[in-house]
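Remarks on the structure that follows.
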Amino acid sequence: MPASRLWVVDVYGRVFSLSTAGQQWEQCRDAQMEFKRVTAAQQCCWGIACDNNVYLNVHASDLPIRYQEETYENQRWNPIGGFSDHLLPSDRWQWSDITGLKHQPLDSFELPSSSWEWEGDWYVDENFEGEPTEKEGWTYAIDFPAFYTKNKKMTSCVRRRRWLRYRRYKDMDTWAKIPSPQMETPDPFSDISCGGWEISEEPRGRLSLWAVSLLGKVWFRVGIYHHNPEGSMWEEVSVPGEVLQISCGPGDLVWAVLWEGQLIVRQGITRDCSKGTSWVEVESPSPDVGATHVAVGINTVWALTKDNKVWFRRGVDSHNPCGLGWISMVGEMITINVGLNDQVFAIGCEDRAVYFRQGVTTSELSGKTWKAISVPRDGDRSHSSASTNSLQSAGCFFSGEVRAQSVVSDVELDTEKVSTDGASCLVTSTSPESVVDAPTDNPDQPIETPKPRIPKVTSDSFISELISDREPAKTLREGGSAGPAVPEEEETLPSEGEVKALCADVAICPSQSGGPLDPQWSNVDLEEAQGQLAQTGAALDAADTSSLSSVATYTLAMEDPYGTDEHPLWAWVSGGGCSVDSHSHLNWFNSVNTSSLVGSVQSMSLSVTSAQTAAWRQQIFEQLTERTKREMDNFKHYEQAIEQSVWVKKGTMQWWRDWKPYKWIDVHFALEQFSGPEGNKDGILFIYYNFYEEKKYLHAFVNELTILVPVLNESKHTFAIYTPERTKQRFPIRLAAATELEMHDWLALLSVSCCHSRGIQGPPSKQAIWSITCKGDIFVSEPSPALEAMPYPTPCDQMFWRQVGGHLRMVECNTVGIVWGIGYDHTAWVYTGGYGGGFFQGLASSTDNIYTQTDVKSVYIYENQRWNPLEGFTNRGLPTDRYMWSDASGLHECTKTNMKPPSTQWTWVSDWAIDYSVSGGTDKEGWQYAADFPVSYHGRKGKTDFVRRKRWSRKCKLTTTGPWQEIPPIALSDVTILPCTAQSNVDEVPLWAISNKGDVLCRLGVTALTPAGSSWLHVGTDQPFKSISIGAASQVWAIARDGSAFYRGSVSPQSPAGDCWYHIPSPSKQKLRQVSVGRTSVLTVDENGNLWYRQGVTPSYPQGSSWEHISNNVRKVSVGPLDQVWIIADKVQGSHSLSCGTVCHRLGVQPVEPKGILWDYGIGGGWDHITVRGNSMEPPRVRLPSLTDASAPAPRSPIPFRNMEVNSSAGDS
Amino acid sequence: MILETFMADDKDVLRDVWFGRIPTSFTLNQDEVTEREAEPYYLLLPRVSYLTLVTDKVKKHFLKVMRAEDVEEMWFEYEGTPLKWHYPIGVLFDLHASNTVLPWSITVHFKNFPDSDLLHCPSSSVVEAHFMSSIKEADALKHKSQVVNDMQKKDHKQLWMGLQNDKFDQFWAMNRKLMEYPTEEGGFRYIPFRIYQTMSDRPFIQRLFRPVSPEGNVHTLGDLMKEMDPAALPNDGEPKRYQVVIHGIEPLLETPLQWLSEHLSHPDNFLHICVIPTPTD
């Protein structure tokens, strides 16, 4: 799980965050002012600052926020000048939107705020519905508005073209003010809460933001989504009273507290109406004491009353947002907040510490106990230990010209004071106008502690002025405390007696001892000035990134105004961006005191990371090797004391019998293992069954087994065992164990036995072929050199596959052993070099490089209804109809209550929700209509539609282990790695990916040693993409979501992202789905399952000339570095059964015949994905053997090859 | 793949420990009455097994030259010391015969069983009982017996059969459960260990010792020795007087004890540590 952050504000208005992976509060140094409140989502954080403005901090991502502006240029043909911009008076505007109703010339587009910048100039879009247009991008029609085509016809009287321009949100990771015209919000905001991201996935990144003004009015921010993070405007929401505070959950819960102490609950929040419709009042938890604070999650509501008591609302869910009643909880809190997964955070009334509610699960939403988060702030750390110091100081504090500062105000500075005790605070200010409310004294806070404050800052430009003025103060501070990196001349600065350098708004508080504010600083207007040291640091951070060289060893502790023994006092907490649950392993609670923590943490992590290389470990390995030499090498001829014997493991199982009628019968199952003649282990598998009272058995040699596939359907714990023969038959040995555990034990045992008999151990090789089943199971096969041999390759049904732990939807690899996977939840994973994991425990698994892996997928069921003339649509179907709650086929009854997660390893993580993203579309309630079951469904009811269905989805989560590590944070849908033979381990390997939103990305820093790479480079496209592949010569091909193909020009090691996209026309009338590029071959698969080969590709003309059809019934293609072609095919006929999702290998592929000749069938069905891009093993060059040559491998049985021609279908249907 | 110079996996240690062998020559005691001269018998003895468990062949070999009435319970002796069968073979070798010339020369007796020194071992079921009780004792220390008690009878049998038949996979398929511990605790409750000294009258030292100190520091082999047998550790500046030997090797004193317990324990789940005088030559 990637690290996410808990946001807090301390009593001085400083914003801190705590990473779920971290152990210290990190100050948000960007904040140029104090904040009253913050509210976090995962992608951003909103806050109200002391200037009462709303600020937005969008977290930086490798994916930029780009907004596509578009406008249409319209022209009409006239007999004199041809097409021109002289339109008829009744025509649309010459420049308009797509409807023609809105006039929008190019120069009418403006940036929405100063947080945006243009990416480039306007240009013409030359892509029309997936097809490239003529150079100028015109599309033609008879008249406006009509059907446009890309070709000009005799009847084309009008034409139009689309202009595009991108703007980019630039204020990432900084607090950007949300412009707010006075008329929108007459009084300042006092509370803010964001949420609602689970109401709808469309538009992407949608958020609800609610705010409360000082007068108790409620406002809703309209139009916040990924491409418009700031939203568009505030809308007032009428309320039945004056609101004090509001809370918005991730789903449809919104609660608010009224000044009088009652609570109100928003009703009618839906996908189409995220603002809701009305309020319902709920009484205060305690009749005498009003509520002061409320916090809501998805299915949970917590409240505080004036006496600081904590209350939990019972029975809350989306059907009943008001819940049933209040339960009093332990603890006294001043604020409370519900984060992701309904986890609860609060700030203690007495100690002002942040508390985490432990033990909150979906079944026990009220949790168990409060646990104080006890970690130091980043500034609390000692100088030497915190490595973050150097990071944070890098490039931040000095600009080259130390003395060239402007002096905003003269300050008399007692330099001696500074240099001797250095424990004081100097503050000046140029902004005399207003004072932000200073925090009231807290009883815990010594009165003499300097009150950190900040002057009111009015504009960004002013801030930057301030910033430019700050360096000298910094210098002085360094000098005063004799910072090691301060140049000599700065040391002398204080002795000049008067330091004019000290400028506006700078607070100097170099006190590590936390000493009192010295009265002799009275020339500074303390009332006015707000010396907030962190702010200084923050401003300085932002000030200068140009001078890395002069920084060196500035340490944060110097500016920490607190002694290390003072614990932080918090005022506000927001967990909306903090992804934890009751299982998360957090290091937030174990800090006893700061210094020991730092030490022990470091030593712990050291011992973990260095365990591999520790001397003691090396020593043990060496000594054991020596011992073997000493005690055994000379005595190998001695007899072994224990003779090897046969080891048998027995059990009972059920077996899907081989004869009709097929059914499960009880069998005894035995695995006999023994040492083979050459010392290798081997075994035989026996299945003992009764056949008409007669005892019989079936056996299989372990060294003939090619794969063990867990099937694990909902009713039985089954697995399938294949041999080459069984693969040909498409009829494996199917067995069912009594329990899942038993099945996994057998699978692990059999798998180890298979590997032993084949002499396979350790991690997969770099050449390995990876594949994935429709269950997400990962298999890997070691290719033999003969696999791609000509003319007699190893038949692919003889390939041995072993399982690797983890759960993925796709996997891609290359020849240097870089392997990436993508989960069902689109999480990106990189292979760690281990093996085993999952149910492979102990010896079948490596001890290193195995990590926890999670995946989330949706389970779907359908609600079906039929129309009758009396009642309309009801859940009463015809007797012949499908179940009214069913699976997609309608054959199996699936209700919300009886539906189980796919196996016991999966757990539900959400409730049933209507799925609107069904192909064919839905109406507002999620219904799809059709004339009858089962035909094609559409989203609008027509006259002839008598049935309808609604798809419900529910998410479930798998937690397993495997040799995979997550690459946060961008979710991917496709990935491809250059199938090269890198010269060395440190050579960068091009890796391209598509995000699950369709962005094209290029990974930087990927090498064989660092397969995860370092960061993403975004490659702009005009439309979302879905598939990408890079060939051995850096040819990048991609498929857009509209089915069109693109070639990326000029990709080279010098220019890893290339320069521009060339639109390649698709095969006629086909929308492409996937592409794979090998050494020179380019193959694509279209939506209808056709496999296409790109003809005419040459180095000088890499785009090629045309598509040539190879095969149908193809689901996926993988082209390897030898231009070998492997596919996943549907409808492969075996001698016993038909299979879908079968691995097939193209035979006869050679340079003169790159399309190959015929298919060879391997493992399947149920396979979803294969990649052969790691296998660059050149087949042995053998002379063409004569038919009598006994040494040549025997040609395969001709049966599967029968009736195969060049344009054969991949599967015999 | 991540590290090209991939280091040996920790599991290789388990394998090396399991497959450790001591070349041994068995010679019949000269006082035994034989019909003809008995040839010595040579065997590779598994370090982790027990003498009486792996010497059926030896017995058979010598019985060929003896009369049945002269045969009593077989026992072994090395340079005058009767060898306790209930110590693992590797421990016996390290304790009495390390730094000597191989093969290890063991004398076989069929008379005058030294009842004061040795336990009787009429059959392999006695070895099994001894072995299983050691495993249970070790698990009591490691997991308050929770793991071993959760196992079924056949699981116990699998452990024993694994040892008896020298089946590494079979044994470890089950034994790994005994080696698990909650990550948050950083190790077992107590480390099952025994320290043997040649120079001491006590058979061995066995006391409670945790893998992690109350302050959270990882305990090492050195920490254990300091606590249990400080004399075994070298003083500053003095030549090393004793070797601390486990499975015929001398792990560094900074080796974490938990790791040792997981990887260098004998199949009985105890870490058997021999303290022997440093050879003088």
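Every chain is numbered from 1 and lettered A, B, ... according to where its sequence line falls, protein lines coming before strand lines. Small disclaimer: the values here were computed from a predicted structure and weren't measured. Hydrogens, waters and symmetry mates are skipped; everything else that's a heavy atom, side chains included, is used.
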Open item on the list: Check R21(B) with D166(B), please: is the shortest side-chain N to carboxylate O separation under 4.0 Å?
Closed with: yes
Open item on the list: Atom NZ of residue position K650(A) - does it have more than 12 heavy atoms of other residues, nucleotides or ligands inside 6.0 Å?
Closed with: no
Task: Residue selection (most heavy-atom pairs with chain A, distance under 4.5 Å) from L221(B), I246(B), I249(B) - done: I249(B)
Open item on the list: Angle between ring planes, F839(A) versus H744(A), binned at 30° and 60°: parallel, tilted or perpendicular?
Closed with: parallel
Task: Residue part contacting chain A, namely of W259(B), when any heavy atom lies under 4.5 Å - done: side chain
TODO: Let me know if L163(B) has heavy atoms under 4.5 Å from chain A in its side chain, its backbone, both or neither.
DONE: backbone
Task: Part of H247(B) within contact of chain A (heavy atom distance under 4.5 Å) - done: both
Open item on the list: The criterion is side chain to side chain donor-acceptor pair (under 3.5 Å); which residues satisfy it with E39(B), sequence neighbours excluded?
Closed with: none
- [ ] Please assess H756(A) against D169(B) for the test side-chain hydrogen bond (donor to acceptor under 3.5 Å, both in side chains), listing each intermediate value before the final yes or no.
- [x] CA-CA 11 Å; H756(A) 274 321; D169(B) 294 337; 2.8 Å; yes
Open item on the list: Going by side chain to side chain donor-acceptor pair (under 3.5 Å), name the residues that satisfy it together with K59(B), two or more places apart in sequence or in a different chain.
Closed with: none
Task: Part of residues 48-56 of chain B lying next to chain A, heavy-atom separation under 4.5 Å - done: V54(B)
Open item on the list: Under a 3.5 Å cutoff, is there a donor and acceptor pairing between the side chains of Q965(A) and T832(A)?
Closed with: no
Open item on the list: Please classify the contact between Q164(B) and chain A as side chain, backbone, both or neither, with a heavy-atom cut-off of under 4.5 Å.
Closed with: backbone
Open item on the list: Within this structure, what is the CZ-NE2 distance for the pair F188(B) and H143(B), rounded to the nearest 0.5 Å?
Closed with: 5.0 Å
Task: side chain to side chain donor-acceptor pair (under 3.5 Å) partners for N175(B), two or more places apart - done: N269(B)
TODO: Using non-hydrogen atoms and a 4.5 Å limit, figure out which bit of E631(A) sits close to chain B: side chain, backbone, both or neither.
DONE: both
